[in-house]
Structures are given as structure tokens and as C-alpha cells.
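One structure is given here, and the rest of the page talks about it.
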Amino acid sequence: MTVEANLRNRICDLYASYAACLDDGRYGEWPEFFTPDAWYRVVPRENYDQGLPLSTLSLKGKGMMKDRIYGIESTIFHAPYYQRHIIGLPIISIDENSVIRCEVNYSIFRVKRDFSAEIYSIGKYIDCVHVLENDLKFSEKFCVFDNDIIPNSLIYPI
Amino acid sequence: MTVEANLRNRICDLYASYAACLDDGRYGEWPEFFTPDAWYRVVPRENYDQGLPLSTLSLKGKGMMKDRIYGIESTIFHAPYYQRHIIGLPIISIDENSVIRCEVNYSIFRVKRDFSAEIYSIGKYIDCVHVLENDLKFSEKFCVFDNDIIPNSLIYPI
Amino acid sequence: MTVEANLRNRICDLYASYAACLDDGRYGEWPEFFTPDAWYRVVPRENYDQGLPLSTLSLKGKGMMKDRIYGIESTIFHAPYYQRHIIGLPIISIDENSVIRCEVNYSIFRVKRDFSAEIYSIGKYIDCVHVLENDLKFSEKFCVFDNDIIPNSLIYPI
């Protein structure tokens, strides 16, 4: 509740830029939002709430992230689709080790060519943010999604 | 338009915390977002716009709110579901009696076990906020929803 | 990334007020969000990304906007519907000519009488904002929508 206004604005910018990167399809830039050894995890809420380790996607370090992007852009065959993130108001706190913790609800819509828009993923980002050479980077990003049923498949990062 | 930045940030935090409380299913904490004699009302837009008193839900005072939560958790039989609030940017003003008035659009998605996410409620919060012992509390919270058709039923607060 | 906090808050207010104007159905006030010779354009993402000029709607100047509103309120026969905008976190920058540029994701839901809510339009506002006599006005507002398929028709501004 007592996060300084400037940091708060920078975190809002971080989320807006993150969404724009993915929604614009600039996947090559996506790993740059993370610290070198960050953990990116997409996990169903059911598993997260029970502390179960199984994740839909779990990438540790920028190397794995770049590999995933290479896979998406060069090896996975899939029907292309657009994503659109609407990210809510963040809850920001700073823990005793000066780690910035952010929780924020998200909704992601998907549009496939010649189809109507549909709800793609609904959930909450549970993130840790570090200041790295004056830039904000995610050191942990858990995408905890509510919808057990993933429509079709999860290709691009969310 | 001239609301001081710190108050504005605190109100954004209030909405984010309110959403997190409900989306996490911490219903026992929900009445604590209100002043002791607050009015919580869920009302269709059609009725609200015409000044009609009929509400889908109308709770006056924290006693009624606690009773509702007791009902939800202990007596109503219903299929469990998750809620997820995405709350927009608030319009904040302060009236001549120093009451803080907030209007903010919301979308709420619902996920039932083994089903896809669906749009649950779409509308606007029309709220009054009071400063109570340095905390912000809702003294009035009207959830004015656009969708005449409520999918299934309204169990948890929105 | 270095936009001053006060300007940032005013831009958030601009978007919140814009959404409220349309969602409340106060269409007569809508042209007042623009500079006299502003360009309002609704364009599919497919066309926008390729630099193609064809737009779903293209209005240049407040005169055309007022004419459109007159058409909506007085001449077009259509089933009435509600709109509800949920606008995300904006990315704001100021270019070398002191023009404020804003990009922000939006989701718009539609409710027709006696139907459930549905996703109406999903996309991004790509806007230029000018300070006109101390008020913020859009000098350019491009609504770039992802969904190729517009459900039914586009009557009201988005």
C-alpha cells in the first residue's frame, strides 16, 4: 500500500509494454523482459493453489525462453492467431529482501483469422520484479490461469 | 479531474484489493471493505437508469453482508466456480460534502470446473468511499450490470 | 517511460471519461473529445499492419463526427445495445514535436436486450493527444481491431 508513486508508474509501464510486445507479435523481444535466470511458468490455478509442481509450461532462464521462441517461430506448425491482453490494476508490495512483488489480474482474448474473438486465458500474474541496471525485469512470472480448458493449444507466451 | 495523485493511487489499490479478495475466494474478508452501515447493491442497468428500486441483491450494513457470506459458505448448494475481475480506469471526484465518488467499469469472468471461461457480469461500479481511521472503505457500492441475463445464478458478491 | 505523473493521470482520466461517455450513451458529447480537425478511424488490424488505407469508419473533423452522431440518433434503424469498455494500461510517449502518443489495449462488450453479454470489439487505440486550452483532446484516434468479424454491425463509436 505504500509503494512510491514513481515505482508504481514504472510497474504499470512494464505490464503495458509486456502486453504490447506479445500482442504485436514481437516474440523475439519477449525474453528481454526477464532477468537472465528468471522463471516463467504457466500453471493452472488448481495446481498452484495446492502447491503442486506440474505446470503447463515452465521455462527457467532466458536460454529456455529463447529456445521456446525459436520453436514458435520456426518449428511448431499451428494456425496463426492474435492475442490481446487486458491487464487490471496491480497490487504491489516490497518484501523484506527488497524484492518487488506484483499480483495483477489479466484477461487475454484470441482472434483467429475469420473467426470471432474468444476468451483465451483468464487468470492472475504472480510476479517478482528486480531492478537491473535501472530497468525493471521479471525474475519470476507465474501465469496462474483459471480456465482448466485451454482452447485448442497454447503456442505464444501469455 | 483534480484528485490528488496519492488518493488516486490508494483508490486504485482499493479496487485491486477488492477484486483479489473475491477472486481468491476470501469471502470472509469481503465485509471489511465496507463502512459499518454501508449499502451494497447489485442492480440491473435498466432499473438503475429509471430510478427503480428493485435490486437483484441489496444488503444494508455489515451485518447483512456477513449473513450473506455465511449463507454462501454454509447453506447455499451450488456448483463452485471461480470469478476473475478486470477493473478499468476509475473516474474519481470529491463532492461538496468531501465524499469521494468513484465510477469504474468492470468485467467479471467465470470459470466452472471443466468448462471454458465465460463472461459473467459486465457493468459499472458506482461507489462512495470514506476515509475511516486512515483506511478507505466503501460506504456505498452499487454494481450496475448491463447484462439482463445472469448466467445461471449470482452466488458470490461481485 | 519518462512521462510526468500528472500528465499520465490526466491521460488515464481522458480514457476513463471517453469510455464513460460512450457506455452511458451520451453520444452528443462524443465529438467534444476531439480537436476540431481530428481524425477518427476504425480500421481492421490486418489493414493497419499493412499500411492499407481502407477503414471500416473514417471521420475527419468534428463536423463529420457530429454528422455520424446525428445519423446514429436520428436516421439509422438498429436494435439498441449497450456497450461497455474495459481499457488497459496506456503506453504514453512524447515525440520530438511535443505530440503525446498513446497506445492502449481495449475490450468492448456488447449487451442486447434479453441476450447475454458478448465480446464486441478487441483491439488497440493508437492515439495522438493535444493540449487545447488546458484540456486534453484527441487529434488522432485509430481504433485498430483484431476481430475480422464484426458481430452484426458497428453503429455507435467505439
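Note on naming: letters A, B, ... go to the chains in the order of the sequence lines (proteins, then strands), and numbering restarts at 1 for each one. Computed from heavy atoms alone, side chains included, the values below leave out hydrogens, waters and symmetry copies.
- Of the listed residues (B/Val104, B/Asn105, B/Ile91, B/Ile87), the greatest number of heavy-atom pairs within a distance under 4.5 Å of chain C belongs to B/Asn105.
- Expressed to the nearest 0.5 Å, how far CD1 of B/Ile122 lies from OH of C/Tyr120 amounts to 15.0 Å.
- With a threshold of 4.5 angstrom between heavy atoms, C/Asp24 approaches chain B through its backbone and through its side chain.
- Between C/Ile86 and B/Tyr106 the shortest heavy-atom distance is CD1-C, 3.5 Å.
- Side chain of B/Asp148 to backbone of C/Arg113: no donor-acceptor contact under 3.5 angstrom is found.
- If you measure heavy-atom distances from B/Glu46 to chain C, the contacts under 4.5 Å come from both the backbone and the side chain.
- Once rounded to the nearest 0.5 Å, the distance linking CD1 of B/Ile92 with CG of C/Asn9 reads 8.5 Å.
- Smallest separation of non-hydrogen atoms from C/Cys12 and B/Arg8: CB-NH2, 3.4 Å.
- Atom CG in B/Leu89 sits 7.0 Å away from atom CG in C/Leu89 (nearest 0.5 Å).
- Taking all atoms of both residues into account, the shortest heavy-atom contact from B/Asp146 to C/Val111 is O-CG1, 3.5 Å.
- Side chain of B/Asn147 to main chain of C/Ala117: no donor-acceptor pair is present (N/O by atom type, distance under 3.5 Å, no hydrogens or angles).
- Residues B/Pro90 and C/Ala16 share a closest heavy-atom pair of O-CB, 4.1 Å.
- Comparing B/Lys124, B/Glu103, B/Arg45 by heavy-atom pairs within less than 4.5 Å of chain C, the highest count is held by B/Arg45.
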